[in-house]
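Sequence lines set the chain letters: A, B, ... in the order given, protein chains first and strands last, and positions in each chain run from 1. All values derive from a computational prediction rather than experimental measurement.
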2 protein chains.
Amino acid sequence: MSDLLERLRGRGWRMTAQRRVVAEVLDGEHVHLTADEVHARAVTKLPEISRATVYNTLGELVSLGEVLEVATDKRAKRYDPNAHRPHHHLVCARCGAIRDVHPTGNPLADLPDTERFGFTVSDVEVTYRGLCPDCAGA
Amino acid sequence: MSDLLERLRGRGWRMTAQRRVVAEVLDGEHVHLTADEVHARAVTKLPEISRATVYNTLGELVSLGEVLEVATDKRAKRYDPNAHRPHHHLVCARCGAIRDVHPTGNPLADLPDTERFGFTVSDVEVTYRGLCPDCAGA
DNA sequence: GTTTGACTTAGATCTAGTCTAATGTAGGAT
DNA sequence: ATCCTACATTAGACTAGATCTAAGTCAAAC
């Protein structure tokens, strides 16, 4: 069903029921879930899985580069399984929903050396904010 | 000393010792403080000021548009007194330090209609990430 | 100088996340 | 097939950051 599990196994990731379930949840729906939402879905497949394990597993998937952490505001972090195609985010200011977007242009090139203050700049995130159709209609 | 206090008074903002101190802290140093850092500095000027008041006051300054809230990660929010000149941020991935930057280009124009999913897009934030000179050197 | 509604306070509470010590188990060795 | 053990999982305590509450205070309109 998924090559995510294959990739992980290939990297020597010790496979457990809990980790499989977390990976399946992320792989299944290409939306941006919070850790608690991942936990809630995981519990339906494996009732005894604990929150700590979900956090641990998400953290590992992030350091393996298989999943992206998205912290657009002070609500819960969200996890983005679409780590292999670079993209940015469009966030609803009201409900927090996130969509992946692919703007044109290259913002990294738009930051002149004089504006880098000696930093080693390695990454840019562009976050568009607005209201989703549901929240704008209300 | 500052026109921030003038502007606030002009808007009918009820002036209290606590609010003045918070405004002065923000106005004084053009860095990006966390709420607790604001509180710590405020306490040196007005020892009995409470954390709740600092939070309230910061929240009001944000809704008045005098101060910007910057939530670049899951650490504490930071408050940016430079609300009147549009800019973006350069963040140190290690220590969380923030610098204001002014990239060229206009990312809002870089998001085609087909990528807007019916959202009413009103704002873009560009966050550059990297290591500051101190953290890169370590 | 009074009045009053807005402001401030200490501390409880909430949420998201991390840590710990005890227990369980995947998967290599035998 | 079973045994080991290093790694994984667990429940629940803990933390940081932020918000809420109810009681007390005070700026400013009169």
Enquirer: Working to the nearest 0.5 angstrom, can you tell me the gap between B/T44 OG1 and B/I49 CD1?
Expert: 10.5 Å
Enquirer: Identify whether any heavy atom of B/T16 sits under 4.0 Å from a base atom; if not, whether one sits that close to sugar-phosphate; answer base, sugar-phosphate or nothing.
Expert: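 Sugar-phosphate contact only.
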Enquirer: I want to confirm an ordering. Mapping A/V54 and B/D36 to their closest nucleotides on DNA chain D, which one lands closer to the 5' end?
Expert: A/V54
Enquirer: Expressed as a whole number of angstroms, how long is the span from B/I49:CD1 to D/dG24:P?
Expert: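 Rounded to the whole Å, the gap is 21 Å.
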Enquirer: Could you name each residue pair satisfying ring pair (Phe, Tyr, Trp, His ring centres under 6.0 Å) that touches residues 48-88 of chain B, not counting sequence neighbours?
Expert: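 Passing the test, one end in residues 48-88 of chain B: B/H87-B/H89.
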Enquirer: Please check the phosphate of D/dA18 (OP1 and OP2 only) for any side-chain N or O of B/Y55 closer than 4.0 Å.
Expert: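 Looking at the OP1 and OP2 atoms of D/dA18, one of them is under 4.0 Å from a side-chain N or O of B/Y55.
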Enquirer: Is the shortest side-chain heavy-atom distance between A/N82 and A/L68 below 4.5 Å?
Expert: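 With C-beta onward as the side chain, the pair stays apart.
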Enquirer: Grab the CZ-P distance between B/R78 and D/dG17 for me, whole Å please.
Expert: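 Distance check: B/R78 CZ to D/dG17 P gives 10 Å.
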Enquirer: Closer to the 5' end of DNA chain C via nearest nucleotide, is it B/A52 or A/T34?
Expert: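 Residue closer to the 5' terminus by nearest nucleotide: B/A52.
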Enquirer: Look up atom CZ in A/R41 and atom CD in A/E24, then write down how far apart they are to the nearest 0.5 Å.
Expert: 14.0 Å
Enquirer: Which pair of heavy atoms, one from B/I98 and one from B/R78, lies closest together, and at what distance?
Expert: CD1-CD, 3.3 Å
Enquirer: What is the minimum heavy-atom distance between A/A83 and A/G65, and which atoms define it?
Expert: CB-O, 3.5 Å
Enquirer: Can you sort out which residues in residues 56-70 of chain A have a heavy atom within less than 4.0 Å of DNA chain D? Ascending by number, please.
Expert: none
Enquirer: Name the nucleic acid region contacted by A/R19, choosing base, sugar-phosphate or nothing; use a 4.0 angstrom heavy-atom cut-off, strictly under.
Expert: sugar-phosphate
Enquirer: Quick check for you: among C/dG24, D/dA18, C/dG11, whose closest atom lies nearest to any side-chain atom of A/R14?
Expert: C/dG24
Enquirer: Is A/Q18 close enough to C/dG24 that one of its side-chain N or O atoms is under 4.0 Å from OP1 or OP2 there?
Expert: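 Checking C/dG24 against A/Q18, no side-chain N or O comes under 4.0 Å of OP1 or OP2.
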Enquirer: Rounded to the nearest Å, what distance is computed from the CD atom of residue A/E37 to the C1' atom of nucleotide C/dG17?
Expert: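 That distance rounds to 15 Å.
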Enquirer: When only distance counts, do a donor and an acceptor, one from the side chain of A/R51 and one from the base of C/dG17, lie under 3.5 Å apart?
Expert: yes
Enquirer: Working to the nearest 0.5 angstrom, can you tell me the gap between B/L90 CG and B/R99 CZ?
Expert: 8.0 Å
Enquirer: Have a look at A/A76 and say if it touches a base, only the backbone sugar-phosphate, or nothing, with a 4.0 Å heavy-atom cut-off.
Expert: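 Since only primed, P, OP1 and OP2 atoms lie under 4.0 Å of A/A76, the category is sugar-phosphate.
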Enquirer: Between A/Y79 and B/L46, who's closer to the 5' end of DNA chain C by nearest nucleotide?
Expert: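 Result: B/L46.
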